[in-house]
Amino acid sequence: MADERDSSSSAGAKPVAAMFGKMGGSTKQTADKDGKPCRVCDSFKSWRQHEAKGHSKAKKAAAAAAGAAAATGSSASSIMTLADDECPPDSQVLGRATWTFLHTMAAYYPEKADSRQQGIMQSLLTSFSHFYPCGRCATHLRSEMEKHPPAVDTRAGLSQWMCQTHNKVNVMLGKDEFDCTKVDE
C-alpha cells in the first residue's frame, strides 16, 4: 500500500500543506461553501476570534444559554463553557473523536463478516466520506477509499485498513505513525 509521501511526487498531486493547510496553529479563517466560518476546519482560537468580532449568532446563543440556565437552575457559565468549548468541535477535537469511533467500530466488527454486514460497513464508510463535516478530510477519505478500498470482509482486515488509513493522515499532519501490528493489543 503506497503512502502519501509516495503520491506527493506524482504528477498533479497537491502538496500536503495545500491540501490540509496549517492545522491547529493558524489564525487564518477558513470559510465553508457559503462563505461562513468553518469551525471544523479551523483551530478553536481562530474561530473564537471570528466569533468575538460578532460575525455570527454568538449573542443569540449566549442569550439562549442564559435562558436555559435560568429555566434549569444551573449556572449560565457552565452552559456557556460547554457551548463555547465543544459546539461545534474544532478540527482537532473532531478528528480525535472520529478516529476513536472508527477504530472502536473496527475492533467490534465481526471476525468474519457476512455479505450483508460487509455491504452495510461499505455503505457506512462511503456515506461517512460524503458527510464528514471537514470537507478536505472527507475528500481525502474518498480518494483513499478509491485507491485502497476498505477491507470489510473481516475484523482484522478492517482494523488494518483503518490503522493504515489513519497513519496516512498522521504522516500528512506530521504526526508519528502507529505500529499497525499492534492494532489488537
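In this chain, numbering begins with 1 at the start of the sequence shown.
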Hey, could you give me the CG/OG distance between L173 and S91, rounded to the nearest 0.5 Å?
-> 9.0 Å

How about R142 and K147: do any of their side-chain heavy atoms sit closer than 4.5 Å?
-> no

Is R155 reaching over with its side chain to a backbone N or O of P110, donor-acceptor style, under 3.5 angstrom?
-> no

Closest non-hydrogen atoms of W161 and M145, given as atom of the first, atom of the second and distance, are CZ2-CG, 3.8 Å

Working for side-chain contact (heavy atoms from CB on, under 4.5 Å), residues Q164 and N167 = CA-CA 5 Å; Q164 291 165 2; N167 275 341; 5.6 Å; no

T100 side chain vs R96 backbone, donor-acceptor pair below 3.5 Å | yes

Derivation and outcome, side-chain contact (heavy atoms from CB on, under 4.5 Å), residues T165 and L141 | CA-CA 8 Å; T165 302; L141 179 58; 4.3 Å; yes

Salt-bridged, E185 to K182, with N to O below 4.0 Å?
-> no

Same cluster (ILVMFWY, side-chain, under 4.5 Å), M172 and F178 = no

Minimal non-hydrogen separation, A138 against S129, with atom names = CB-O, 3.2 Å

Under 3.5 Å: donor-acceptor pair, side chain of N170, backbone of K175 | no

Q160 CD to M162 CE distance, which is reported to the nearest 0.5 Å = 11.5 Å

So which heavy atom on A107 is nearest to which on S159, and how close?
-> N-OG, 4.1 Å

Pick from M105, Q118, H103, M121: which one makes a side chain to side chain contact (heavy atoms under 4.5 Å, CB included) with L158?
-> M121

CG (D176) with more than 12 external heavy atoms under 6.0 Å = no

Evaluation steps, side-chain contact (heavy atoms from CB on, under 4.5 Å), between V169 and H140 = CA-CA 9 Å; V169 173; H140 177 255; 3.8 Å; yes

Heavy atoms only: give me the nearest Q117-K112 pair and the separation to one decimal.
-> OE1-O, 4.3 Å

When rounded to the nearest 0.5 Å, the distance separating CD1 of I120 from CG of D114 is 8.0 Å

Within a strict 4.5 Å, meaning less than it, do heavy atoms of the Y132 and T139 side chains meet?
-> no

Under 3.5 Å: donor-acceptor pair, side chain of S123, backbone of G119 | no

Shortest non-hydrogen pair, D90 vs V93, comes out as OD1-N, 3.0 Å

So, do Q122 and T126 sit near enough that their side-chain heavy atoms are less than 4.5 Å apart?
-> yes

Where at least one partner belongs to residues 149-185, residue pairs that pass disulfide bond (SG atoms under 2.5 Å apart), sequence neighbours excluded = C163-C180

Distance-only, no hydrogens or angles: does the Y109 side chain make a donor-acceptor pair with backbone N or O of V152 under 3.5 Å?
-> yes

Sorted by chain and number, sequence neighbours left out, ring-ring contact (aromatic ring centres under 6.0 Å, His included) with F101 holds for none

